[in-house]
Amino acid sequence: MAAVLPAEFQLPLTADDLLRGDSSRHYVVQEVLPARELPAAITDFQAAFRERGALAVLQHFDTVYSLLRHFRALDTAAKEDALELMMQVVTHHSNELSTILSDSGLSHTDRNAHLNALKMNCYLLSGLLEAFEMEAFKSGLAEVDPAGKNKKSHAKSSGFSWEDEREPVLQLFTQLLQLDLRQLWSGLVVEEEFVSLLTGCCYRILENSNIGLQRYRATREAATHLLATALTHYDHMFSATLKITQMLQHFEHVAPLFAQAVTLWAKEYGLKSIVGELLREIGQKCPQELARDTSGIKGYAVFITELAEQIPSLVLSNMSVLLRHLDGENYMMRNAILSAMAEVLLQVLNGDQLEEAVRGTRDHFLNTLQAHICDVHGFVRSRVLQLFTRIVQGKVLPLTQFLAVVSLAVGRLKDKSVVVVKNAIQLLAAFLSNNPYSCKLSCNDLAEPLKKEVQKLQEMKDRCREPAPTISPEEEWEAMLPEVRAAARQILQPSQEEEDEEVLEVEETAERASEQIIGMLKKLNYKGAVRLTQKAVCSFQAQEPFSSFKEENEEARILGILERLYTGFCPGENSGDSPCESGSLTTEEAALEERPQEQPQTELVKQEMLVQYLQDAYNFSVKITEALSQISKLMYENSVSVVQEAIEFFVTVSQFGVPQALLGVRKMLPLVWSKEPGIREAVLNAYRQLYLSPSGNSERARAQNLVSSLYLIMVDASLGTIQCLEEIISEFVQKDEIKPAVIQLLWEQFTEKTQCSPLERRAAVMLLGMMARGKPEIIGSNLDVLVTVGLSERVCEDYRLAEEVCNAISKLASNSKPAKGKNNVPFRLPQEQELFECLSKAVSNGFTQQSSHWIPFMEAAVTLIYQLAEGPEKICAHILQVCSQKALENLQEADGQKEVESGASPNRVSDGAVSLPTFLLLHLVSLVGQVALQQVAHLEVSVNAELRRRRILREEEKTKKHKERSDSSTIKQRAQSTGNDITMEEELGLIGASADDTEAELIRSICETELLDEKHLLSAFVPLVLKICNNPGLYSDPALRAAAALALGKVCMISSEFCDSHLRLLFTMMEKSPLPVVRSNLIIAAGDLAIRFPNQVEPWTPHLYARLRDPCQSVRQTAGVVMTHLILKDMVKVKGQVSEMAALLIDPEEAIMAVAQNFFNELSHKDNAIYNLLPDMISRLSDPACGVDEESFHTIMRHLFSYITKDKQTESLVEKLCQRFRTARNERQYRDLSYCLSLLPISERGLHKLQDNFDCFADKLQDPAVYSCFQAVLVRFRRAVGKPEAKALAEELEQKLSACHNQGLDSAETCQEGGKTPMPEPAKRKTTAGSCRRPLSTANRGDDDDDFVTPRPRAHQKNKRVQKSQRRKKTVIIFSSDEENSSENELLAELREEETPTKTTPITRSSTRRLR
């Protein structure tokens, strides 16, 4: 055999190495066979293998080598045959080697032959594996069908699948490596190239991105075991470490695979050292290099994280090598290391029985995690919060760090990153759910017991302030007795007595001698004490204590005397007592003193622990309460996920009894109207959890608890809250989520079958009404019960209950609207219905009763009549007649018995000779206003809809009859003659539109000509309303004046002519009335009028804006809401006066700030709306006369500029703001403009705009504030842009800025190469009575009528065009806000008839407009 192949086979680095080299020393391939000869050569190899076994490869190596060279050109059958043959050869050789290696008599020649054959066989098989793997990878890339159908069909047709063959190959290599192959290398180490050849197959397979799929699990395990064998037996540790770290860097998918593999090696093979090697290799990577090349970071991060999850104890022992990456720039590495720390804390460093060193490591990890809650990168902050959530849920966080982490989480609620805020809320919810303190976390409930226990602790400390107990003399004697006995024995021995004896003099008396002996004992001079005792016994044999002991043993006698002296013998006292009695008494006293001293100390420690527990619970509750206020604000963020987390948090808080949670539960109610389905569903789910799963043992008890909890949320709830709750409850009812037992209980409470308070009865009716929105039959089937119980003769006892009954019944009307496309008859009840009789009687009878709740009931009753009754105007006319008749009767009675009291009584209003109770006039005016409003609504909505319904029915019937009569020929002729015209009309929709216009015109003419005609009942009351409004001095009652103003607004809704003639009075009252309620009511009325009669109200728009500066908070809020609706519905022109809305962003009232924020948020959804308004708002708000200081201006601008997100808008604003420097009049405006520029995210093109317009602001840079703002612009630009050209541009601009700032205006002109920047003269302003924005204290002063003037009439369109054309010719840039500086006289009005604004800029009213 040696003669066959004397040359050694050396594993090549590349396949070409086998074609060249010294053939005398190493094996070289003699010939690469052509592809056509390979099948025959393979057959020869098979025959040789059957004859000679595995050594046949020594002669046929070139055959398989040639096949590898021509692998792509061969057909599949040849490849499969070669693979099958090599598998047989290597299997046979492996089986042979197990016997050959155990043969000690193996010759050198045979050993070399088998070694060469082994290397050749493994080389060829690994080559085939790599070739098949490469082919499979390329076919996978080229495959069109992502589902792999072509691959499956191919596999089925050929019967061969390489994915199924990989596992047997790897198992075969593992079987080889498990043999003691060192015998083939003469007992030396197996050459590294051979091991790398086999392990390289594993790494090559693992590089396949599909290897992580579940169906390849067996292949992954085979590769893992092969590598484990190499690591265990062939010293593959160093190579594996390098290879794994390289693959982690270049292949992201291998990180979880190697984490599983390393876990297996450490647990099953005991290869724990590889964990340290890999982590050390990763830890030695330079953080700066990783920051530059982020390709491999993700693989390292995933590997560390998953390794820590599976073997945290081994990661803990090697954690120190990774800590340097916590200071690196790459956030993924920081996240991975922090995640590893968290896993170690969760799985290893948990429990209370940790050693001191381990506890220190735990605290270090926790402190590191806390430090990174404030990391510079948002993803790190978010990840750490997630990790702390897991730590808290796992109950691993020590109590000592509870409050610190809670405080950090609360601080992150203000984070600019949405993900961080979301995870902070989740962490706080986890703290609540896993808190160790209490199931109820109310600050008030915890404060009281804490105060009591602190007081108790103080009392205990005061009692225990006695001196601390010392060691008793008996205990001291027991401790020193062995040494004293040793000293006594040493002295009493005759041989040493003379040698050791000291010269001691005994005192004259026994007492002095005793003191001397005790002093020696205390000084530990035991020998001296024993000698002195001997002498004292000789000198004072008859005196105590030296005469009491009669022991024969001298040692015992001396020790007894010393003990008695040291433990309590008091010379000169109780000398007659026996020593036994004295000693016994001393011991008992010591025992009695010791017991009470131990007990107070134990109790004191317990009390201190209790106080600390209560203090921690209270502090935790305070932090949660602090978080509530911040999270409640987050419920209206733009991020859906944050809103959902906030809602879920309040659900969690509510379960722990925090009182403030109810405010958050209420605050989430408006979100039920959200356009985001996720938010709406989150609100519904929250209320399901809170209210639809009540506790209770029975159905009745659960219903009672559900109703009680709903009552709680309705207490002091606003109308908006009730409407939101109604939407939620109706949703639940529609889905049958509210049990019948709940509805039954509500009816029982309403009918007083179940005892309840009046408030609960009203709440029951309200809930029934809410449920009726979902299922009208709840009310419809019990209508007689509602009428009998709620609107009976006892209605005067509780008008609020009657009002809620009316509201509940009105749900029948709101739920009976016909479906689209259907012309069903609307739901109406006849006039004779008992309901309307009861309502008429209740309103009429209550008219003469002085009750503050009658007016709301009357309004609800009138509304219900118009909603449900046939011919409601007749019923309400009858009510008006009856009530006015009662008023006249009362007036006649007063006229018959006129007295002096009529002029002095504050409860009556007089007009010359007669007087009437104020409340009667109040009731009458309110009734008139409500009837007028509902009559208009009835005509515009119900009557109009009914006219349209009947017209459609007539048209349908006419069409049907027409079709029946006409025959086909007629149809054809008509189609030929008129088909084009009909088609055109139908296409344009003219038929329906003209009919709608006819109906709308009919309704309009009725309102304009009939309702306020002298023949109509309403016209009789209009003079009364006008008289009350025009004579505030005569009718001084605030409620009456408010009702009259509201009635005037309602009557104005009827007719545009009447409205136009009385707008002067309405706006005068709005400006000058000292009553906030009057001003609020008239603002609402003016808003409704602006929608109904826009042409008439449009000239008065500035007076609506003026109310945004009202001194009263409620008026400003009402004005803000009204203007929000009008502007967003495009009912008023948005001009520079919208700056008044912007000023509300700094209002001291949070509710008004919220209104303004909501307005601008909605306005931002309109294309470029805020962008178009910004320049004018900046000009108005930066004017010092406007009344907005610089800090407030900055706050407003920060909010407004947050809506500027488009690059084009930013660039245009840069140019506009730079140009506006030319027209700025003072330093304040310079600073404001520069601050606005600093808020813009300027791009490179924006910086070019700054360069181009440098001369506009160059002379302003000497102001330090202006200069600092431009510096801030450059700093922000440098952070955002990394291009060298852009940085150079920024540096150039910075040099120019610095030069102009340091050298002043002259230097600025020089650095601009002679360019001149003329300073504009301040614009001459007209002297006005006040500023554009006066202080709020004077905004409503009405004592000087001359201050009120009518707005100037608008110029005609032609004049406007002329003015515009003239403006274009000017070279100076003019802005609309500079032209339209409205004086104070424009915003206030004392309106005389001749000064009434003229009607211009007509706004066409749609013919199909409905009253809103």
Side-chain angles (χ1 to χ4, degrees), residues 929 932-933 936-937 939-941 1000 1003-1004 1007-1008 1029 1045-1071 1073 1078-1110 1115-1141 1144 1155-1156 1158-1159 1162-1163 1166 1169 1173 1350-1354 1382 1386-1389 1391 1396-1412:
L933 181 63
V936 174
L939 289 172
E940 291 280 354
V941 180
I1003 299 298
R1004 191 194 67 79
C1007 294
E1008 292 287 345
C1029 292
L1046 190 58
L1048 175 61
K1050 292 178 178 179
V1051 174
C1052 285
M1053 293 288 290
I1054 298 175
S1055 165
S1056 60
E1057 184 179 350
F1058 182 86
C1059 171
D1060 194 30
S1061 60
H1062 293 90
L1063 278 178
R1064 177 171 55 88
L1065 173 61
L1066 189 143
F1067 277 97
T1068 301
M1069 295 172 65
M1070 186 194 300
E1071 297 283 351
S1073 175
V1078 172
R1079 302 200 297 275
S1080 294
N1081 285 347
L1082 290 176
I1083 289 170
I1084 297 172
D1088 292 338
L1089 291 172
I1091 294 175
R1092 182 159 172 78
F1093 305 123
N1095 293 339
Q1096 282 72 21
V1097 178
E1098 192 270 337
W1100 302 88
T1101 303
H1103 303 283
L1104 286 174
Y1105 279 109
R1107 287 306 91 210
L1108 296 172
R1109 298 182 279 108
D1110 197 279
V1115 178
R1116 291 200 307 279
Q1117 184 172 354
T1118 304
V1121 172
V1122 170
M1123 294 307 299
T1124 295
H1125 285 287
L1126 293 178
I1127 293 173
L1128 295 179
K1129 291 179 180 179
D1130 296 323
M1131 299 311 300
V1132 299
K1133 290 185 176 180
V1134 184
K1135 301 178 182 178
Q1137 290 167 327
V1138 78
S1139 60
E1140 300 292 346
M1141 285 293 291
L1144 296 184
V1155 170
N1158 179 64
F1159 165 74
E1162 293 295 328
L1163 189 64
K1166 295 191 174 186
L1173 294 170
T1350 306
R1352 292 193 303 273
R1354 306 285 183 180
S1382 302
E1386 284 187 272
L1387 301 181
L1388 304 173
L1391 306 174
T1396 303
T1398 58
K1399 293 184 288 184
T1400 59
T1401 317
I1403 303 175
T1404 303
R1405 184 172 70 88
S1406 173
S1407 60
T1408 58
R1409 183 178 303 283
R1410 299 289 183 266
L1411 181 70
R1412 301 185 183 182

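Residues take their numbers from the sequence shown, with the count starting at 1.
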How far does [atom1] of [X] sit from [atom2] of [Y], to the nearest 0.5 angstrom?
| X | Y | atom1 | atom2 | value |
| --- | --- | --- | --- | --- |
| Leu1048 | Cys1059 | CG | SG | 9.0 Å |
| Leu1104 | Leu1126 | CG | CG | 7.0 Å |
| Met1070 | Asn1081 | CE | CG | 10.5 Å |
| Ile1127 | Met1141 | CD1 | CE | 5.5 Å |
| Leu1082 | Cys1029 | CG | SG | 8.0 Å |
| Leu1046 | Leu933 | CG | CG | 8.5 Å |

*Return the set of residues passing ring pair (Phe, Tyr, Trp, His ring centres under 6.0 Å) with Phe1058 (not counting sequence neighbours), or none when no residue passes.*
His1062
Side-chain contact, heavy-atom cut-off 4.5 Å: [X] with [Y]?
| X | Y | value |
| --- | --- | --- |
| Lys1050 | Asp1088 | no |
| Asp1110 | Ile1083 | no |
| Glu1140 | Met1123 | no |

*Using the side chain to side chain contact (heavy atoms under 4.5 Å, CB included) rule, pick out the option among Leu1144, Thr1124, Val1121 that qualifies with Phe1159.*
Thr1124
*Applying side-chain contact (heavy atoms from CB on, under 4.5 Å), name anything that partners Ser1080, two or more places apart in sequence or on another chain.*
Ser1114, Val1115, Thr1118
_The criterion is side-chain contact (heavy atoms from CB on, under 4.5 Å); which residues satisfy it with Ala1085, sequence neighbours excluded?_
none
Taking all non-hydrogen atoms of both residues into account, name the closest pair between [X] and [Y] and its distance.
| X | Y | result |
| --- | --- | --- |
| Leu939 | Cys1007 | CD1-SG, 3.9 Å |
| Arg1079 | Ser1073 | NH1-O, 2.8 Å |
| Gly1087 | Val1122 | CA-CG1, 3.8 Å |
| Leu1066 | Gly1049 | CD1-CA, 4.2 Å |

_Could you walk me through whether Leu1063 and Leu1089 satisfy the side chain to side chain contact (heavy atoms under 4.5 Å, CB included) test, starting with their C-alpha distance in whole Å, then the side-chain angles of each, then the deciding distance to 0.1 Å, before giving a yes or no?_
CA-CA 10 Å; Leu1063 278 178; Leu1089 291 172; 4.3 Å; yes
*Above 12 or not: heavy atoms from other molecules or residues under 6.0 Å from CD of Glu1057?*
no
*asked:* Please verify the inter-ring angle class for Trp1100 with Phe1067; under 30° counts as parallel, over 60° as perpendicular, anything in between as tilted.
replied: parallel
*Please identify each residue that fulfils side chain to side chain donor-acceptor pair (under 3.5 Å) with Ser1055, with sequence neighbours left out.*
Glu1008
*Answer yes when Arg1107 and Glu1071 have at least one side-chain N-carboxylate O distance shorter than 4.0 Å, and no when they do not.*
yes
